[in-house]
Asker: 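Please see the structure below; I have some questions.
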Amino acid sequence: MKHGPELILVLNCGSSSIKFALFDAGVEPLPRLAEWSGKVSGIGAPQTLYRDSAGAAEELAADAEQPYHAALERIRARVVARLAGRGLRAVAHRVVHGGSKYSAPIRVDAAVLADLKSFIPLAPLHQPFALDAIEVLLEAVPQLPQVACFDTAFHHDVPQVEQMLALPYAAWERGLRRYGFHGLSYEYMSVVLEERFGAAARGRVIVAHLGSGASLCAMRGLRSVATTMGFSALDGLMMGTRCGALDPGAVLYMMEIEKLTLEQVGHVLYHESGLLGVSGVSADPPVLLAQEGREDATGERVRAALALYVRRIVREIGALTAILGGLDLLVFTAGVGEHSVELRRRICAELGFLGPLLDSAANERHGPLISAPDSRLLVGVEATNEEWIAARHAAAVTAASSQPG
């Protein structure tokens, strides 16, 4: 890839997918809409699909030995073709965990990469794959700046009482603490919500990032003051396949009484729990909503899964409201939050004590404001834009590094 000042590539790597976006860094301010974007999904599965915003769609040939590298190579080839002689200023990566050491975006070299690899046990579903992409590019194009943008960074300044775990103090000193995640999404909300809602966005706000992973963030003055995810991305809300907050005694029981190994327990908590585990059908809320009317044992489990999903969200909104001392604005974002009319309705119905009244037509249109004029609580829907936040950070980091002295 040609190195130059014009474009910034963003890579958002998960365990089975890679999202990518290309931003024009030659325009000030950096455009929020990517010039080009896409996704490779189903990596490691029998069918791996590539799609982009230019209309390209194709199935990638399976590579049993290195399926992830094959996906990265296809993206690289498409990016090179898209550049058409223009240069890349940098590649920005969403890196889930920065540990206690990294609280701001940073250009990655071999030493930083080694540090980030030590955090893999804290985010095993995401961390290794982002680092794999970084390592491949470091070897192939060492002169190309790569910037790691951390999902934990937005929560770095929450009060200590929100960071601490009730473990021996030595655990705190070793870095065992509540970090919080989905920070790039919440950082975007800290930018866009004031534009959308004015002064209310600087008040007492809860953002619900509801996707395959899910968390809530309480914000005051557009800064994080508390969040539901903690030491790992297992904590907090019930998710697609992750359990969320769990009595640690249940883990001890599975290991001592049911004789599950550490690896087996980890697989259960990350891959076999949440909506999928309770329903036995799917981790995808739209699939479950379509089947909850069944009059059989499957329908009963689906209804139980959805009820528990909503209840856990409502419980945590109540807890964060107590920390904030009230609530002025509730915002839904991410895949489920942005697109599920019915789950937004159910969540708000169970939050009756806060006085949210939805405008049904606005909810059907997915916002941006879905609360009725006489609602005591503003309720909104806002699409997140993690890629733009990452691109903006990469532009700032590379601009700073190019300054003399």
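As the structure is a prediction and not an experimental result, all values here were calculated from the model.
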Asker: Any chance you could measure Leu216, atom CG, to Leu330, atom CG, to the nearest 0.5 Å?
Answerer: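 Here the rounded value is 8.5 Å.
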Asker: May I ask you to decide whether Arg346 forms a salt bridge with Glu342, counting only side-chain N to carboxylate O separations under 4.0 Å?
Answerer: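 Yes, charged N to carboxylate O under 4.0 Å.
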Asker: What is the distance from atom CD of Gln291 to atom CZ of Arg301, rounded to the nearest 0.5 Å?
Answerer: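 Here the rounded value is 12.0 Å.
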Asker: Roughly how far, to the nearest 0.5 Å, is CD of Glu382 from CG of Leu193?
Answerer: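 The distance works out to 6.0 Å.
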Asker: Got a salt bridge between Glu194 and Arg202, using NZ or NE/NH1/NH2 to carboxylate O under 4.0 Å?
Answerer: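 Result for this pair is yes, salt bridge flagged.
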Asker: Give, for atom CG of Leu354 and atom CD1 of Ile317, the distance between the pair rounded to the nearest 0.5 Å.
Answerer: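 It is 8.0 Å, given to the nearest 0.5 Å.
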Asker: Can you confirm if the aromatic rings of Phe181 and Tyr186 lie within a centre distance of less than 6.0 Å?
Answerer: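 No, the ring centres sit 6.0 Å or more apart.
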Asker: Going from OH on Tyr179 to NE2 on His155, what distance comes out if it is rounded to the nearest 0.5 angstrom?
Answerer: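 So the gap between those two atoms works out to 13.5 Å.
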Asker: Any salt bridge linking Arg223 with Asp157? Criterion: basic side-chain nitrogen under 4.0 Å from a carboxylate oxygen.
Answerer: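 Asp157 and Arg223: salt-bridged.
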Asker: Check whether any side-chain heavy atom of Thr228 sits under 4.5 Å from a side-chain heavy atom of Leu320, and report yes or no.
Answerer: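 The answer is yes, as the side chains (C-beta and beyond) meet within the 4.5 Å cut-off.
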Asker: Is any side-chain heavy atom of Ile323 closer than 4.5 Å to one of Glu162?
Answerer: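 Yes, at least one pair of side-chain atoms sits under 4.5 Å.
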Asker: Between CE of Met239 and CG of Leu234, what distance do you get to the nearest 0.5 Å?
Answerer: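 It is 6.5 Å, given to the nearest 0.5 Å.
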Asker: Less than 4.0 Å between a side-chain N and a carboxylate O, is that true for Arg32 and Glu195?
Answerer: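 Yes, charged N to carboxylate O under 4.0 Å.
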Asker: Is any NZ, NE, NH1 or NH2 atom of the basic residue among Arg51 and Glu58 found under 4.0 Å from an Asp or Glu carboxylate oxygen of the other?
Answerer: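 No, this pair does not count.
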Asker: More than 12 foreign heavy atoms under 6.0 Å from CG of Leu262: is that the case here?
Answerer: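 Not more than 12 within 6.0 Å, no.
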Asker: Can you tell whether the side chains of Arg294 and Glu300 come within less than 4.0 Å, N to carboxylate O?
Answerer: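 A salt bridge is absent here (no side-chain N lies under 4.0 Å from a carboxylate O).
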Asker: Are more than 12 heavy atoms, taken from residues, nucleotides or ligands other than Leu167, located less than 6.0 Å from that residue's CG atom?
Answerer: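 Yes, the 6.0 Å shell around CG holds more than 12 heavy atoms from other groups.
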Asker: Report the residues that fulfil side-chain hydrogen bond (donor to acceptor under 3.5 Å, both in side chains) with Thr384, sequence neighbours left out, ordered by chain and then residue number.
Answerer: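 Partners of Thr384 by the side-chain hydrogen bond (donor to acceptor under 3.5 Å, both in side chains) criterion, ordered by chain and then number, come out as Ser185.
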